[in-house]
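A quick write-up on the structure given underneath.
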Amino acid sequence: MELPCDGAGICMACKNKPPNEETLNCKTCATPWHATCLVYPPQELADTLQWECPDCSMINPPSTSAVAAGRSEEAGELIASIRKIEDDKSLTEQEKAKKRQKLLSGATAGPSPSDGDEKKEKNDVLDILDKELTCSFCMQMLDRPVTTPCGHNFCLKCFQRWIGQGKRTCAYCRVQIPPKMASQPRINSTLVIAIRMARMSRSSNAGGAPKVYHFVQNQNRPDKAYTTERAKRAGKANACSGKIFVTVPPDHFGPIPAENDPERNMGVLVGEIWEDRLACRQWGAHLPHVAGIAGQSTHGSQSVALSGGYLDDEDHGEWFLYTGSGGRDLSGNKRTNKDQSFDQKFDKMNEALRVSCLKGYPVRVVRSHKEKRSSYAPETGVRYDGVYRIEKCWRKNGIQGFKVCRYLFVRCDNEPAPWTSDVQGDRPRAHPVIKELKNAIDITERKGSPSWDYDVRKKLLDVEKASASQ
DNA sequence: GGGCCCGCAGGG
DNA sequence: CCCTGCGGGCCC
């Protein structure tokens, strides 16, 4: 782990104060570093003026690239290759950028004489797009992009680090950044869509057929749900499902990516709203059209629906409390019984949620509150709100004297939630415990693992343990 | 606005 | 096969 010098000029790695001749200042963030503690110190004196610190030139292999995250030797090789490109004086800045992009997109290193002009032209378009979607700090595809009024894009984290250093000008063009933007950077959700599409074309460009499942025999189903002749009542629970548009298998965990959306090439985006539970089903966000929990007791739970049906549930947007299923006597005709009449157990769907909790799997969440019980649900329709993790589950006494299964869900999506992108400033204040969790998730993200890495759960527990022992 | 009633989809 | 489910229109 490489560390810079602290405010007092002391190297955080060796704890000594380096003499002037061993101090290097980053050209991007101007932070001082101890040259002898660097893994890759600049080779020539001339290079020290243009030197960029490891934080600013941080190379995290993108998850879609051929380079697997977490393999440090490969990452080291990648850094070495990039430095080689940087050091090549025969290249212009633009050519260097191109080479970097090619390297990061998982293309094979070395010359490829078979590349025709045709292919090059095609890639130029992608390169332009890539350049627009690249953060000037980390040179990576933008992660949670924020856009300055002067029109330049940065990763949220890179931007916040810049602001944290007291900078108040655009790192790209040096135009002043308004204080509001500095204190409340807003994620550019349109860009998020563009990035998804770029990633998509990039991964399909990298070769290899995208993994596509055909999950239900859909061919003879119409685009909209319909009611059969036999089902005389017009209730939508009587309706047959329309075509399923996405190609994820029913046991797919986590977000629905663009490569499984042949219809729109977008994937299911956070904040998408459908007319009803059947339409929501057709886009794969939550498959059961009546039940609130999708899952298998042996496997885990893929998604849940929040509808305000349980009075004890609490919805805080970033986190919520959910009640398991069962324990309501639904026999006879009274299918809308709101009363508990027996204890819930961790079996069936409740067990599926418990498995997801223990394993730390991501759970998709849709909200469809009919009464306005929560400000995090739309007035009408069913909205996809991204993936959550079940932080803990337990059994609770109390609902009409019966035991119920309870679950604490915490949001862990790296795309903005509807209430952060649409309603600036309306974001719920994080619960202290949640803050800690989010921190832990951030740590794993910094290490380059995707945010729905199943190991996150283990790391969360480590962090909890560490903070408890303090 | 509460209660009724319908039948689909999917787990076990 | 049987059982269950955080729909939803409609009737009262």
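Proteins get letters first, then strands, A, B, ... in listed order; numbering begins at 1 in each.
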Length of the NZ-P vector between A:Lys348 and B:dG11, whole Å: 13 Å
Integer-rounded Å distance: C:dG5 P and A:Leu353 CG: 13 Å
Residue pair A:Gln296 / A:Gln302, side-chain donor-acceptor N/O under 3.5 Å: yes
Nearest-neighbour nucleotide for the A:Gln296 side chain, C:dG5, B:dG11, C:dG8 considered: B:dG11
Rounded distance (Å) that lies between atom P of C:dC3 and atom CG of A:Asn350: 19 Å
Set of residues satisfying side chain to side chain donor-acceptor pair (under 3.5 Å) with respect to A:Gln282, sequence neighbours excluded: none
Residues which pass side chain to side chain donor-acceptor pair (under 3.5 Å) with A:Thr147, listed by chain and number, not counting sequence neighbours: A:Asn153, A:Asn188
A:Asp385 CG to C:dC6 P, straight-line distance once rounded to whole Å: 19 Å
Distance in angstrom units between A:His299 NE2 and B:dG12 C1', rounded: 15 Å
Under-4.0 Å side-chain N/O to phosphate OP1/OP2 contact, A:Ser297 with B:dG12: yes
Distance flag, aromatic centroids of A:Trp162 and A:Phe154, threshold under 6.0 Å: no
Non-neighbouring partners of A:Leu321 that pass side chain to side chain contact (heavy atoms under 4.5 Å, CB included), sequence neighbours left out: A:Glu314, A:Trp319, A:Trp394, A:Arg406, A:Leu408
Rounded distance in Å - CZ (A:Arg281) to P (C:dG8): 13 Å
Nearest-Å distance for atom pair CE/P, residues A:Met349 and C:dC3: 16 Å
Side chain to side chain donor-acceptor pair (under 3.5 Å) partners of A:Ser301, counting only residues at least two apart: none
Rounded distance in Å - NZ (A:Lys345) to C1' (B:dG11): 16 Å
Set of side chain to side chain donor-acceptor pair (under 3.5 Å) partners for A:Glu272, sequence neighbours left out: A:Arg264
Nearest to side-chain heavy atoms of A:Ser307, which nucleotide of C:dT4, C:dC6, B:dA9: C:dC6
Paired stretches of DNA chain B - 3 or more consecutive Watson-Crick or G-U pairs, each distance under 3.5 Å: B:1-6 with C:7-12, B:8-12 with C:1-5
